[in-house]
Amino acid sequence: MPPGAEWSAAADQRFAVNLSILFTELPLPERPAAAAAAGFTAVELWWPWTDPPTPARSELDGLKKAIENAGVRLTGLNFYAGRLPGPDRGALSLPGEESERFRAHVDVAADFADALGCTALNALYGNRVEGVDPAEQDALALENLVLAARAADRIGAMLLIEALNRPESPRYPLVSAPAAVEVVDRVNAATGLGNARFLMDLYHLAMNGEDLPAVIERYAARTGHVQIADSPGRGAPGTGVLPLEDLLGRLRTAGYTGRVGLEYKPGDRPSAEAFDWLPREARAARAAR
């Protein structure tokens, strides 16, 4: 699909704009309105507060008001994951202070999500730490993921577990779809809640060299959320070589009716100009079928 070409099947998707990678040329409180002006009605976020990850009530209320005033819905939220963008890839498997910060933040994030009707909470696993036994990190991760799953369940939300890609995240242990789904299974077995789901990020899986049609066939029923960017470059659809329209069509055929997060870089242009591949009438979120 050449840059600028519109997707013919876009009307079959339910898109959400990630405001932590798009519209970042604007202050955070202005981004929900910018997404609305571009025609979107659903947005998602990485946890925007890192120092500390439990911000003052006034900051939480300010962002909540900005989202509500823009008339968009928050449909996805990351738990605290350290510095994103930056060197960190999560906090929940890191012994010591970072794990404690994650624990202290879990209910704050769940309450913020609940106040905005958000029902998808993503928990990044965290990098391996030199000198720490991976088994120790995995045990700590499971403890914290159980806490996160219970907090999500309290508000009627699902907990998402994401695979990243090895070239960009060489110390992150979940760098394949099977690795992430294995953690999903561990969490569900530990809690008995069944609310942990796979976050299928097609960009990360492509960067890992996975067979994307096979991943879709095998894991679509286990998937709670999908995110896209083209590869290479993590740009808008049409800037790389991934057949994203075909892949999303395969997901739909496999029964996936959830949201598709637009988690790509706008390039050297304003974010508002990075959606020319998507007809404006297809940007508003649709109800699940």
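What you see is a predicted model, and the numbers here were worked out from it, not measured in a lab.
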K.L.:
Ignoring hydrogens and angles, tell me if any N or O in the side chain of Asp88 forms a donor-acceptor pair with the backbone of Gly90 under 3.5 Å.
P.N.:
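Side chain of Asp88 to backbone of Gly90: no pair is present.
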K.L.:
Is there a donor-acceptor pair closer than 3.5 Å between any side-chain N or O of Gln137 and the backbone N or O of Pro95?
P.N.:
no
K.L.:
Check whether the side chains of Arg101 and Tyr80 place a donor and an acceptor atom closer than 3.5 Å, and report yes or no.
P.N.:
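Yes, side-chain donor-acceptor contact under 3.5 Å.
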K.L.:
For the residue pair Thr50 and Arg83, confirm or rule out a side-chain donor-acceptor distance under 3.5 Å.
P.N.:
no
K.L.:
Show the numbers, then the answer: is there a ring-ring contact (aromatic ring centres under 6.0 Å, His included) between His105 and Trp47?
P.N.:
CA-CA 10 Å; His105 138 96; Trp47 188 251; 4.6 Å; yes
K.L.:
Does any donor atom in the side chain of Asn122 or Asn78 lie under 3.5 Å from an acceptor atom in the other side chain?
P.N.:
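Short answer, yes.
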K.L.:
Which side-chain N or O atoms in residues 23-30 pair as donor and acceptor under 3.5 Å with protein atoms at least two apart or in another chain?
P.N.:
{"unit_1": "Glu25", "atom_1": "OE1", "unit_2": "Ser271", "atom_2": "OG", "d": "3.0"}
{"unit_1": "Glu25", "atom_1": "OE2", "unit_2": "Ser271", "atom_2": "N", "d": "2.8"}
{"unit_1": "Glu25", "atom_1": "OE2", "unit_2": "Ser271", "atom_2": "OG", "d": "3.4"}

K.L.:
Side chains of Glu162 and His225: do they bring a donor and an acceptor to under 3.5 Å?
P.N.:
no
K.L.:
Ignoring hydrogens and angles, state whether a donor on the side chain of Glu245 or Trp277 is under 3.5 Å from an acceptor on the partner side chain.
P.N.:
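Trp277 and Glu245 do not have a side-chain donor-acceptor pair below 3.5 Å.
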K.L.:
Are Thr75 and Val43 side-chain neighbours, meaning at least one heavy-atom pair lies under 4.5 Å?
P.N.:
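Result no, sub-4.5 Å side-chain heavy-atom pair not found.
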K.L.:
Are the side chains of Gln227 and Met200 in touch, meaning some heavy atoms are under 4.5 Å apart?
P.N.:
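When only atoms from C-beta onward are counted, Met200 and Gln227 do not touch, as no gap falls below 4.5 Å.
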K.L.:
May I ask you to say whether Asp138 pairs ionically with Arg128, meaning some side-chain N is under 4.0 Å from a carboxylate O?
P.N.:
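Here Asp138 pairs with Arg128 in a salt bridge, since their nearest N and O are under 4.0 Å apart.
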K.L.:
Between the main-chain N or O of Ser231 and the side-chain N or O of Arg234, is there a donor-acceptor pair closer than 3.5 Å?
P.N.:
no
K.L.:
For Tyr264 together with Tyr203, are the ring centres under 6.0 Å from each other?
P.N.:
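That pair fails the under 6.0 Å test.
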K.L.:
Say whether, by atom type as modelled, one donor and one acceptor occur between the side chain of Tyr172 and the main chain of Tyr125 under 3.5 angstrom.
P.N.:
yes
